[in-house]
Amino acid sequence: MDKLRIVGGAPLRGTIAVGGAKNAALPLMTAALLTDETLTLANMPDVADITAMAGLLHLLGVHLNLQGDAGANDDTHVVDFTAKNIASTTAPYDLVRKMRASILVLGPLLARAGEARVSLPGGCAIGTRPVDLHLEALKKLGAEIDIESGYVLARAPKGLVGGDIVFPVVTVTGTENALMAACLAKGRTTIANAAREPEVTDLAQCLVKMGADIQGIGTDKLLIQGKPRLHGAKHSIVPDRIQAGTYLMAVGMAGGSIEVKGAKPPHLQAALDVLQACGMQFEPTIEGLRATCTGRLKAADVDTAPFPLFPTDLQAQFMALMTLADGTSHIAENIFENRFMHVQELIRLGADIAVKGHTARVCGVPKLTGAPVMATDLRASVSLVMAGLAAQGETTVSRIYHLDRGYERLEEKLARCGAHIERVRG
Ligand code: EPZ
């Protein structure tokens, strides 16, 4: 298995472009199931999760056509998705277990084909990741749902009907499944306590281009008037705010100054506010945002929460930053029950972190020392790379297949900005 080898101490200077958001591309790809016409997605990211979803959609009968590399930058592509006919309504366990976002085919298959058989995703490193709220929402739209031998069996032989959905907990993919199903349900659907993440907004905007009638986009209350069918459309995927936030924080870790092309401040405001309080400087550029860090950061506290508050997907990266900050930081992870897998690995690098319940107390230390560490999940892996950029000596990060799920050629982008980092093929 590949590893990343990093020798810390080099400040970052230059420009990094982020691709389309993985967590927008995944639901947008499944939206292609809602129509028999072609959905063209531009700024498609090129990461492992996307490849996995493409494989599943192909199995379901979606024809994919990779257009010439007309992407916004050299990491992105333009891809046509055409679900002229649905060849299968089963999402098999061996695919779903590798990529839990496969659950996003449930709503569209049910709406388009009247049935779906989707493996329960199972848990992952950061938590049990249940899908009960997805199923409850689809039942409100008239779906009959059974669980059999680890599969969700969903049926709506007479088609879905509009209903009133209230999510007790904000769920991003739960909102996306319900939203896509409601677009083809007969009548009116309301979704209360809907997720407001920019990726959900991007999906809703694309569905409107496909002919859906959605009000309240960007708010926590969505109103959908179902349509008999949707048509094809062209849509460019919103830039990846988590990739952008990661690269901005990498400057805070290694020092220096980089422009992150594609960074959209309104999608990252909560994180930017905290980072500025810690002492980082930001200035908007024509294509994104420049981050500069000179000197030691001050510690700050963070509570993860649904958008527009601090995103859980930047928690591990922020924790890496706080290991070298001046003072003590309290980081509360309020979304997932086990998203501190990076703590033990950061401690191996010399960090001073104590976890109590769902809060990590990080006491800043003057230096980190390079060591072999192991990635456990997507965002934890990048927090270890960031720590390696600042640690004295050599850090090797193993199991970086986690990293490849959400970042295109991270090591090349950082190396081009002066980092001493290389991929060692294993
Ligand atoms: C999405 O996951 C993202 N994935 C995650 O990004 C992200 O961390 C998460 O939202 C929170 O922002 C994609 O968009 C593909 P949730 P999702 O449903 O939708 C509980 C990454 O690193 N819950 O918003 O699965 C759940 O346990 C990934 O890119 C239920 O209890 O997350 C959690 O505590 C990691 N029942 C909370 O809700 C349900 O049916 C929020 O989860 C669904 C969720």
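Worth saying up front: this structure is predicted, and the values here are computed from it rather than measured. Numbers here simply count residues along the sequence, with the first being 1.
The closest side-chain heavy-atom distance from Gln317 to Arg379 is below 4.5 Å. Side-chain atoms of Asn177 and Pro108, non-hydrogen and from C-beta on, do get closer than 4.5 Å to each other. A 4.5 Å side-chain heavy-atom check between Ile400 and Ser381 finds every atom pair outside the cut-off. Taking 4.5 Å as the limit, some side-chain heavy atom of Ile191 sits within range of a side-chain heavy atom of Ile224. Put simply, the side chain of Pro306 reaches to within 4.5 Å of the side chain of Glu197, judged on heavy atoms. Side-chain contact between Leu289 and Leu268 is absent, with no heavy atoms from C-beta onward closer than 4.5 Å. In this structure the side chain of Val385 reaches within 4.5 angstrom of the side chain of Leu414, judged on heavy atoms. Contact annotation: the side chain of Lys413 never approaches that of Ile258 to less than 4.5 Å [non-hydrogen atoms, C-beta and beyond].
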Lys234 and Lys209: CA distance, side-chain angles, deciding distance, side chain to side chain contact (heavy atoms under 4.5 Å, CB included) verdict = CA-CA 8 Å; Lys234 291 187 189 328; Lys209 289 178 188 174; over 6 Å; no
Go through His235 and Met210 one step at a time and tell me if the side chain to side chain contact (heavy atoms under 4.5 Å, CB included) criterion holds.
CA-CA 10 Å; His235 182 76; Met210 295 168 71; over 6 Å; no
Review point. Please walk me through it: do Lys22 and Leu378 pass side chain to side chain contact (heavy atoms under 4.5 Å, CB included)?
Key: CA-CA 12 Å; Lys22 163 181 86 79; Leu378 169 54; 3.7 Å; yes
- Should Arg339 and Asp313 be marked as a salt bridge (Lys or Arg N to Asp or Glu O under 4.0 Å) after you check the CA-CA gap, both sets of side-chain angles, and the distance that decides it? CA-CA 10 Å; Arg339 202 170 198 175; Asp313 290 350; 2.7 Å; yes
| Which is it for Leu109 and Leu33 under the side chain to side chain contact (heavy atoms under 4.5 Å, CB included) test, yes or no, and what are the steps along the way? | CA-CA 7 Å; Leu109 278 178; Leu33 291 163; 4.3 Å; yes
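Put simply, CG on Leu321 and CG on Leu248 are 10.5 Å apart, with the number rounded to the nearest 0.5 Å. Put simply, NE2 on His63 and NE2 on His58 are 9.5 Å apart, with the number rounded to the nearest 0.5 Å. Note that CD1 of Ile50 is 10.5 Å distant from CZ of Arg405, once rounded to the nearest 0.5 Å. Atom CD of residue Gln344 and atom CD1 of residue Ile353 lie 8.5 Å apart, to the nearest 0.5 angstrom. For the atom pair Lys261 NZ and Ile286 CD1, the distance stands at 10.0 Å (nearest 0.5 Å). Asp202 CG to Cys206 SG: the interatomic distance, rounded to the nearest 0.5 Å, is 7.5 Å.
Residues Asp164 and Thr190 have side chains that bring a donor and an acceptor to within less than 3.5 angstrom of each other. Between the side chains of Arg290 and Ser257, a donor-acceptor pair is found at a separation under 3.5 Å. When only modelled atom types and interatomic distance are considered, Thr304 and Gln315 share no side-chain donor-acceptor pair under 3.5 Å. Side chains of Thr246 and Tyr407: a donor-acceptor N/O pair is present below 3.5 angstrom, by distance only.
Looking at every heavy atom in both residues, Ala10 comes nearest to His420 through CB-CE1, 4.0 Å. Counting all heavy atoms, side chain and backbone alike, Asn23 lies closest to Glu199 at O-CB, 3.4 Å. Taking each heavy atom of Gly19 and Gln243 in turn, the nearest pair found is N-OE1, 3.5 Å. Shortest non-hydrogen contact noted between Gly163 and Leu141 is N-CD2, 3.6 Å. Listed here is the closest heavy atom pair of Leu389 and Ala250: CD1-CB, 4.2 Å. Annotation for Ala137 and Ala178: closest pair CB-CB, 4.1 Å, computed over non-hydrogen atoms.
Looking at Arg196 and Asp220, no side-chain N of the basic residue comes within less than 4.0 Å of a carboxylate O on the acidic one, giving no salt bridge. A salt bridge links Asp2 and Arg425; the closest N-O separation between the charged side-chain nitrogens and carboxylate oxygens is under 4.0 Å. In summary, Arg229 and Asp36 engage in a salt bridge, as defined by a charged side-chain N under 4.0 Å from a carboxylate O. Contact check on Asp213 versus Arg188 returns no salt bridge, with no Lys/Arg side-chain nitrogen under 4.0 Å from an Asp/Glu carboxylate oxygen. Arg423 and Glu411 are joined by a salt bridge, as a carboxylate oxygen and a charged side-chain nitrogen come within less than 4.0 angstrom of each other. The residues Arg155 and Asp146 are annotated as salt-bridged, a charged nitrogen and a carboxylate oxygen being separated by less than 4.0 angstrom.
Using a distance-only test at 3.5 Å, with no hydrogens or angles considered, no donor-acceptor pair links the side chain of Thr38 to the main chain of Phe81. Under the 3.5 Å distance criterion, the side-chain polar atoms of Glu333 are matched with a main-chain donor or acceptor of Phe336. The closest donor-acceptor contact from the side chain of Thr189 to the backbone of Ala182 lies at 3.5 Å or more, if one exists at all. Remark: side-chain polar atoms of Arg348 are paired, donor with acceptor, to backbone N or O of Pro372 under 3.5 angstrom. Proximity of a side-chain donor or acceptor of Thr82 to a complementary backbone N or O of Lys84 within less than 3.5 Å is not detected. Between the side chain of Ser398 and the main chain of Val373, a donor-acceptor pair closer than 3.5 Å is present. Between the side chain of Asp240 and the main chain of Ile242, a donor-acceptor pair closer than 3.5 Å is present. The main-chain N or O of Thr35 is found under 3.5 Å from a side-chain atom of Arg112 such that the two form a donor-acceptor pair. Side chain of Thr173 to backbone of Glu176: no donor-acceptor contact under 3.5 angstrom is found. In this structure a side-chain-to-backbone donor-acceptor pair under 3.5 Å is missing from Glu259 to Thr15.
Other residues, nucleotides and ligands contribute only 12 or fewer heavy atoms inside 6.0 Å of the NZ atom of Lys3. Other residues, nucleotides and ligands contribute over 12 non-hydrogen atoms within 6.0 Å of the NE2 atom of His231. Applying the 6.0 Å contact sphere to OH of Tyr151 captures more than 12 heavy atoms from other residues, nucleotides or ligands.
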